[in-house]
Amino acid sequence: MSINCAAVDRLIDSMSFTQKVGQLNQRLLGWKSVERNAAGRLVASDELKQEIDRWGGLGTLYGLLRADPWSGQHWGNGIRPEERTEAIAVVQQTVLERGAHGIGVLLSEEAPHGHQALGGTVLPTNLGLGATFDPQGVQEAEAAVAAELAASGIHIALVSGLDIARDPRWGRCEECFGEDPLMAARMCEAIVTGMQGEHRSKVGHGGVAVVLKHLAAQGEAVGGRNGQSAVLGPHDLHEIHLPPVAAGVRAGALGFMAAYNDIDSVPCCANPWLLKDYLRDQLGFDGIVMADGLAVDRLEDMAGSIPAAGRAALLAGVDVSLWDEGFTRLEEYADDEQVVAAVDTALRRVLELKAMFGLLPEDGADTAAIAMPSADAIAQATADGREQAKRMAREAITLINDGQSAATLDDIRSVIADAQAGPVIVAGPFADDFGCFLGDYTAPLPADEQSSVYRQLVARLGEDRVLLAAKPSDAPADQWARASTVVFVCGSTSERSYDSEFDDNGAAKAVTEYGATCGEGVDLSDIRLPWSQDDMLGEVAALTTAPIVSVAVCGRAHVLTDVLERSAVTIWAGYAGQYGPQAVADVLVDGADMSGRLPVTLPAYPAAIPVRYNDRHSAAHVYKDAAEPILRGFGYGAGSLAAVTFSEMHADTQSHPGEVLVQVTAHADDHGAAGAVNLFAHVSGGRRIPRLAMLVDSVYMDLNAGERRDIAFHVPCDRLRDVGDGQVQVTCTLDGDSTHTVTATLPGEY
């Protein structure tokens, strides 16, 4: 929908200062805006009515459909999929009837990895999606999520993607696409294009506006402590943390969320360089900046008061608040010319976004004519989302160890397929667990949609063949002795319970002994597997001579040293989403290929962290008690591409001005293969200490059996050059394989 700038101007001129401020607020928690009457029908709550009356309208409403332990919404009291139309209609009609200008309310929802609502699609978390190295696949999956949101009457999707996993102690690593800025940038571009369409073509037409979070450098927080200081210089800020931001702007993102942390003491929510000079002036961003939940109020110590905190955030470039009181106190600055001008600027951005969704009254109309959700469209979009979730779960599964003992994965598959072989024992704390695959920011799923690795294997092999032993003592000694295979399901979980305690922003506050071990609010000082799982695996190994397949369900880079040593095969599953258990069973029983690659570096020791593939100095042989601190490197994957051979690799610096063209020929074996082929570079000759390696391009390919294909990597010279004089030498390596390396020299053009 085109924006009628004159109509927006007239609306702004007609509003009081209080009404303008009201359009910038997102204070009300959406699930509190409706309630059920005696007949069980949804009606507007008094809290919603009071909020509308206070401001003469409503700017943005957060989380109307959200369901999870923090909101307290579940299948017994929350808004079910078939009630979405009713809920949206109640809210929008109440806002139009009680508001002063006939303006509808923007509805924002959490969608970090699918829609966080009852019946919403649950994709793998970003760390799992990062393991696919498949931006096109992510784009298609996010398009399906956006279709569901749009069909449900939602306008804004709050989507993680900007954060880089720099320290595995940080509980929110699961929300990152990994530790690499290029892949994060491509995934953010995929999110925006999938949800908004090319050139924002789907916004208001089956798509939603994306608010990418979190801006910026939240993954760099000291000690992996959530929301704390990021201590880094401008070069590393631009090289590591800002590429996903720039990619999001290029793709047309309509929003960014300013993070909790500060960068060298300046909080992101009050950083005019970040939100104005860089984001708007340098990148040309023209959408809204939203603060993270209660982040404005957290400026109180810096600003001196809650009202001053609101003023500081507004003047720094925040347009829309989230739950805080600071923006509600902007009324106190009605005589402050800077605040008045900034309110008008932010208001224009909000109203222009509303115009894209038909939330402003047309010329001559008193109120907006808002289209209501379609139940059929919701059902179709949700079905499409389920198929995308299944596909991405399969792509996320990563083989990180094969044939550690005499048994290989193929050997184990043959034994599992032999109905006459001994029992398959599914062991470990997550053997019969579903929630471990889902990650944080997930709504509860109905019981009939829940599964586990144990239940999936039972469904395929039969109850008589598969035994459950969450603890070693759960199976008798004779069964351990007879076992043909042990599947040990280990890792971590971000699942919250409905009796958990939470901080005021929804982060986990108190975690029970066997509660969440990952996610927001669950930063850890020890990244070994929780609950003594290494010891448990040792007990299992002592009870049986059967080969062990370990399935690591992880939301961060846990130490898996003991797991690899004691397992014939180790599969890394990230948080693969609602179809994670099926994907694991597909691998073990159906022989499905594993195309995943590690999106993070796995440390070999709990205190030898952080280690990243793109550090400037190697950590090898530094610690006298941990000579080799890396267990598995970024991009490692021993799956379907392992059988692909490469030849005829060469670099061309002449044919394409401004880039290095690296070409190589791939040969598939007689089974075919799919997955990402990554190109890394090491640069020398500048005036900075170079990174050990940089991912400079990645090509996802699908090869038929016996196929031979030429692959071209296009590497912009700007990614290779640094400030310096003279020539720069670039060594390009294919997936860390020193047998496939080419060297090119770039002229000294700076």
Side-chain angles (χ1 to χ4, degrees), residues 130-137 183 390-418 460 485 547 549-551 564 567-574 576 582-599 632-651 662-680 695 697-713 732-742:
T132 71
F133 282 72
D134 182 8
Q136 181 61 39
M183 189 51 60
K390 290 177 185 177
R391 180 175 61 83
M392 298 313 292
R394 289 192 294 266
E395 285 193 29
I397 304 299
T398 304
L399 182 63
I400 61 172
N401 191 43
D402 188 10
Q404 177 73 15
S405 63
T408 66
L409 177 59
D410 286 340
D411 296 332
I412 291 169
R413 285 167 167 167
S414 296
V415 171
I416 290 175
D418 183 0
R460 300 172 194 221
T485 307
V549 177
S550 285
V551 179
L564 264 64
S567 308
V569 172
T570 305
I571 295 168
W572 188 89
Q582 288 92 321
V584 171
D586 288 345
V587 166
L588 297 179
V589 180
D590 299 338
D593 288 335
M594 286 174 280
S595 59
R597 292 183 176 275
L598 284 174
R632 288 286 186 266
F634 169 83
Y636 184 90
S640 64
L641 287 181
V644 175
T645 57
F646 298 94
S647 63
E648 304 171 35
M649 187 172 176
H650 63 278
V662 177
Q663 294 178 298
V664 67
T665 301
H667 312 255
D669 65 7
D670 55 2
H671 293 96
V677 182
N678 298 324
L679 185 71
F680 295 88
L695 179 67
D697 201 6
S698 177
V699 176
Y700 193 93
M701 64 179 187
D702 192 345
L703 297 177
N704 297 318
E707 183 179 359
R708 174 189 174 104
R709 185 185 303 175
D710 294 332
I711 303 173
F713 299 95
C732 296
T733 306
L734 197 65
D735 280 317
D737 184 350
S738 60
T739 62
H740 295 102
T741 299
V742 294

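Note that this is a predicted model, so its numbers are computed, not measured.
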### Query
Asp593 side chain to Ser595 main-chain N or O, any donor-acceptor pair under 3.5 Å?
no
### Under 3.5 Å donor-acceptor, Arg632 side chain and Leu598 backbone
no
Close side-chain approach of [X] to [Y], heavy-atom, < 4.5 Å:
X      : Y      : answer
Ser698 : Met183 : yes
Met649 : Leu679 : yes
Phe713 : Val677 : yes

### Task
Look at the aromatic rings of Phe634 and Phe133 and report parallel, tilted or perpendicular, splitting at 30° and 60°.
tilted
Partner residues of [X] under the salt bridge (Lys or Arg N to Asp or Glu O under 4.0 Å) criterion, sequence neighbours left out:
X      : value
Asp590 : Arg460
Asp410 : Arg413
Arg708 : Glu648
Asp402 : none

Pairing residues for [X] by the side chain to side chain contact (heavy atoms under 4.5 Å, CB included) criterion, not counting sequence neighbours:
X      : value
Ala712 : Leu661, Gln663, His714
Asp418 : Gln420, Ala421
Ala666 : Val644, Phe646, Met701, Leu703, Ile711
Asp702 : Ala674

### Query
With a cut-off of 6.0 Å (strictly less than), are more than 12 heavy atoms of other residues, nucleotides or ligands near NE2 of His671?
no
Compare every heavy atom of [Y] with every heavy atom of [X], then report the nearest pair and how far apart it is.
X      : Y      : value
Asn704 : Ala668 : O-CB, 3.4 Å
Ser647 : Val664 : O-CG2, 3.3 Å
Tyr636 : Leu399 : CE2-O, 3.9 Å

### Task
Any chance you could measure Met594, atom CE, to Ile397, atom CD1, to the nearest 0.5 Å?
8.5 Å
Side-chain donor/acceptor pairs under 3.5 Å, residues 567-574, sequence neighbours excluded:
{"from": "Ser567", "atom 1": "OG", "to": "Ser550", "atom 2": "OG", "distance (Å)": "2.7"}
{"from": "Ser567", "atom 1": "OG", "to": "Val563", "atom 2": "O", "distance (Å)": "2.6"}

Could I get the full list of side-chain hydrogen bond (donor to acceptor under 3.5 Å, both in side chains) partners for [X], not counting sequence neighbours?
X      : value
Thr408 : Asp411
Ser414 : none
Asp670 : none

